[in-house]
Novice: 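Take a look at this one; I'll ask things after.
Order of the sequence lines sets the chain letters (A, B, ...), proteins ahead of strands, with each chain counted from 1.
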There are 2 protein chains.
Amino acid sequence: MENNRYKNIPHKTIERLSQYRRALQIAAEKGKTNIFSHEIAALLHITAVQVRRDLMLIGYSGSLRKGYDINDLIHLIGELIDSPKGQKVAIFGMGDLGRAIINYFQGKREKLQITVGFDINPEKTNRKIAGIPCYHLEKITEIISNEGIKIGILTVPGDQADETVRLMVEAGIKGILNYTPTPVEVPDDVYLEEYNMISSLEKVAFYVKEKG
Amino acid sequence: MENNRYKNIPHKTIERLSQYRRALQIAAEKGKTNIFSHEIAALLHITAVQVRRDLMLIGYSGSLRKGYDINDLIHLIGELIDSPKGQKVAIFGMGDLGRAIINYFQGKREKLQITVGFDINPEKTNRKIAGIPCYHLEKITEIISNEGIKIGILTVPGDQADETVRLMVEAGIKGILNYTPTPVEVPDDVYLEEYNMISSLEKVAFYVKEKG
DNA sequence: TCCATTTTGTTATTCATTTAACAGTGCAAA
DNA sequence: TTTGCACTGTTAAATGAATAACAAAATGGA
């Protein structure tokens, strides 16, 4: 029925696969060729069972005596989570956070590149910021559709979140990572991931208070 | 047995309470005094049942006809998640992300203030950055214990994460928000929250690919 | 040869969280 | 009054995720 075999993988597993890959790449750089589930687990501070279960879900089998072949596994995870041609990412809001994210990503992931930024401040448009070209938000439709960009990171001020998301969706963005403190809504065919930094910090503060 | 009544509140509820409060504050600024569960739900794009269930868990009761009293509820959430005197927060790693977080937080939360930063780069120490004083990491014990800081945000490069966390724990930090791509480990009496930006973006990319 | 060890792959169980169901209540209008 | 409506508060069911349990396989050594 579906043309892909991965529809039923839990969201949390997808996140971990991304982390497994990073750990595996570091291990590979150190010259390691094989790795056991408990070694991966130790690197991520999770359990070996969880690693094996995740790998089972993507249909990868290791060898009983040598564990998993690092290069094979990196390759398989890549096949699962990357797009073959790579995906371009746009960033909306060139404030401190936006620029920090761009710098943070530079060169980190070959298949996922932030290629353009948008802002409404004339001082931040029609020039390069942190190495990427930035345009006024009014050019969104033109640029997003020309470049075939499907993924957007939202870092505008909270009170502009709703309107910016509306424009993003209209322009054809299909996946949004929302870093504003404002929850937004998207149509069913757009994937939304929200992260609220303040909530996270308040959560930490709460548990620190409770433990003390 | 326990001296607090909130030990059994789900983690996810704590996160949402922080978001409820923000939404309530905005509503209050607009002159609203009462609010229904379905109105809060609409603001956060969640369900009214979930709002009511969360509020039930913290023992707050609304009025059948007028809904919830906004000021009461803001106050109650504050009592639950804030410390009466406020809590100071230190940031470790004064790179782009560290500075962005500081600017992002400025004046946002009265009870939670980033008051000091640490780095190992001499160019970034013994001066103010983004308005807060920054010191060399070797002063950590002195400053953290003098100031009574219990919460730390980690934004150092991934390969320095483990060592920095070790120092943080040693210096008395009891809650860590880890924004590096490296998972870290802490003793049982330290609360750890990790967020991996790259995993999040790769997750978005994965679901965009799958839907398309 | 056979036994102990170590590891994988998978099913079963437990735990956490969300969603659904519904009883109870107060007001307003007939 | 009484009926209907629009809420709240709470218990029950369903879903999602992590953990536990264990069979099966491969190796090395007794």
Side-chain angles (χ1 to χ4, degrees), chain A residues 5-20 24 27 32-70 72-73 76 183 191-194 199 203 206-207, chain B residues 5-20 24 27 32-70 72-73 76 183 191-194 196 199-200 203 206-207:
Chain A
R5 14 170 202 158
Y6 301 124
K7 266 282 146 68
N8 42 0
I9 298 181
H11 286 211
K12 293 289 173 81
T13 295
I14 298 292
E15 286 176 22
R16 280 192 298 269
L17 286 169
S18 160
Q19 292 169 234
Y20 295 164
L24 291 169
K32 224 167 142 61
T33 59
N34 289 83
I35 195 165
F36 295 121
S37 62
H38 62 83
E39 293 179 291
I40 298 178
L43 292 168
L44 274 74
H45 303 114
I46 59 177
T47 67
V49 192
Q50 186 151 70
V51 173
R52 291 204 300 277
R53 211 177 186 296
D54 286 337
L55 297 187
M56 181 193 83
L57 291 173
I58 64 171
Y60 184 68
S61 282
S63 123
L64 206 41
R65 210 59 191 181
K66 294 186 289 181
Y68 304 99
D69 181 296
I70 290 181
D72 281 2
L73 190 45
L76 180 61
Y191 182 83
L192 174 67
E193 177 87 12
E194 307 204 304
S199 292
K203 186 177 167 190
F206 171 77
Y207 286 106
Chain B
R5 9 167 205 162
Y6 300 125
K7 267 281 147 72
N8 41 1
I9 297 181
H11 286 213
K12 292 290 175 80
T13 295
I14 298 293
E15 285 177 21
R16 279 192 297 269
L17 286 169
S18 160
Q19 293 170 233
Y20 295 163
L24 291 168
K32 224 167 142 61
T33 59
N34 290 83
I35 195 165
F36 295 121
S37 62
H38 62 82
E39 293 179 291
I40 299 178
L43 292 168
L44 273 76
H45 303 112
I46 59 175
T47 67
V49 192
Q50 185 152 68
V51 174
R52 292 205 300 278
R53 212 177 186 297
D54 285 338
L55 298 186
M56 181 193 86
L57 291 172
I58 64 171
Y60 183 69
S61 282
S63 123
L64 205 40
R65 208 61 191 178
K66 293 187 290 181
Y68 305 98
D69 181 296
I70 291 181
D72 280 4
L73 190 45
L76 181 61
Y191 182 84
L192 173 67
E193 178 87 11
E194 307 203 305
N196 186 322
S199 292
S200 283
K203 186 178 167 189
F206 170 77
Y207 285 106

Novice: Between A:His11 and B:Phe206, is there a side-chain heavy-atom distance shorter than 4.5 Å?
Specialist: no

Novice: Measure from the side-chain heavy atoms of B:Phe36 and tell me the nearest of D:dT8, D:dA18, C:dT17.
Specialist: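 Of the options given, the side chain of B:Phe36 lies nearest D:dT8.
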
Novice: Pick base, sugar-phosphate or nothing for B:Ser61, based on heavy-atom distances below 4.0 Å to the nucleic acid.
Specialist: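 Sugar-phosphate contact only.
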
Novice: May I have the distance from B:Ile14 (atom CD1) to C:dT17 (atom P), rounded to whole angstrom?
Specialist: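 B:Ile14 atom CD1 is separated from C:dT17 atom P by 11 Å.
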
Novice: Tell me, do B:Leu44 and B:Val51 make a side-chain contact under 4.5 Å, heavy atoms counted?
Specialist: no

Novice: Under 4.0 Å, counting only non-hydrogen atoms across every strand here, what does A:Thr13 touch: a base, just sugar-phosphate, or nothing?
Specialist: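 A:Thr13: no heavy atom of the nucleic acid under 4.0 Å.
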
Novice: Hey, does the side chain of B:Glu39 reach the backbone of B:Phe36 with a donor-acceptor pair shorter than 3.5 angstrom?
Specialist: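 It does hold such a pair.
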
Novice: Distance criterion of 3.5 Å, no angle test: do you see the side chain of A:Arg53 paired donor-to-acceptor with the base of D:dT19?
Specialist: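 When only heavy-atom distances are counted, A:Arg53 does reach the base of D:dT19 through a donor-acceptor pair under 3.5 Å.
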
Novice: Figure out the CG/P separation between B:Leu55 and D:dG9, and round it to whole Å.
Specialist: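 One finds 8 Å between P of D:dG9 and CG of B:Leu55, rounded.
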
Novice: Rounded to whole angstroms, how far apart are CD1 on B:Ile9 and C1' on C:dA16?
Specialist: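 Result: 15 Å.
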
Novice: Kindly give the heavy-atom pair with the smallest separation between A:Asp72 and A:Asp69, and that separation in Å.
Specialist: N-OD1, 2.9 Å

Novice: Base, backbone or nothing for each nucleotide of nucleotides 25-30 of chain C, written B, S, -, heavy atoms under 4.0 angstrom, 5' to 3'?
Specialist: BBS---

Novice: Once you round it to whole Å, what is the distance between P of C:dT8 and CG of A:Asp69?
Specialist: 13 Å

Novice: For A:Lys32, is the NZ atom crowded, meaning more than 12 foreign heavy atoms sit under 6.0 Å from it?
Specialist: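 Atom NZ in A:Lys32 is packed in, count exceeds 12.
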
Novice: Is there a residue in residues 37-48 of chain A whose heavy atoms reach under 4.0 Å of DNA chain C, and which residues are they?
Specialist: A:Ser37, A:His38

Novice: Do the side chains of A:Glu15 and B:Asn196 get nearer than 4.5 Å, heavy atoms only?
Specialist: no

Novice: Please give, in whole Å, the distance from C:dT10 C1' to A:Asp54 CG?
Specialist: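 These atoms are roughly 14 Å apart.
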
Novice: Would you call the rings of B:Tyr207 and A:Tyr191 parallel, tilted or perpendicular, where under 30° means parallel and over 60° means perpendicular?
Specialist: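 Rings of B:Tyr207 and A:Tyr191: parallel, under 30°.
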
Novice: Tell me the interatomic distance from A:Met56, atom CE, to D:dA24, atom P, rounded to whole angstroms.
Specialist: 17 Å

Novice: Which heavy atom in B:Pro10 sits nearest to a heavy atom in B:Leu57, and how many Å separate them?
Specialist: CD-CD1, 3.7 Å

Novice: I want to check something: taking the side chain as every heavy atom from C-beta on, are A:Ile46 and A:Tyr20 in contact at a cut-off of under 4.5 Å?
Specialist: yes

Novice: Could you state the atom-to-atom distance from CG of B:Leu57 to P of C:dA16 in whole Å?
Specialist: 14 Å

Novice: How do A:Arg52 and B:Ile35 order along DNA chain D: which one's closest nucleotide is nearer the 5' end?
Specialist: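 Residue closer to the 5' terminus by nearest nucleotide: B:Ile35.
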
Novice: Where each residue is assigned the nucleotide of DNA chain C containing its nearest heavy atom, which of B:Arg16 and A:Val49 is assigned the position nearer the 5′ end?
Specialist: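 Taking each residue's closest nucleotide, the earlier one in sequence belongs to A:Val49.
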
Novice: NE2 of A:His11 versus P of D:dA17: gap in Å, rounded?
Specialist: 7 Å

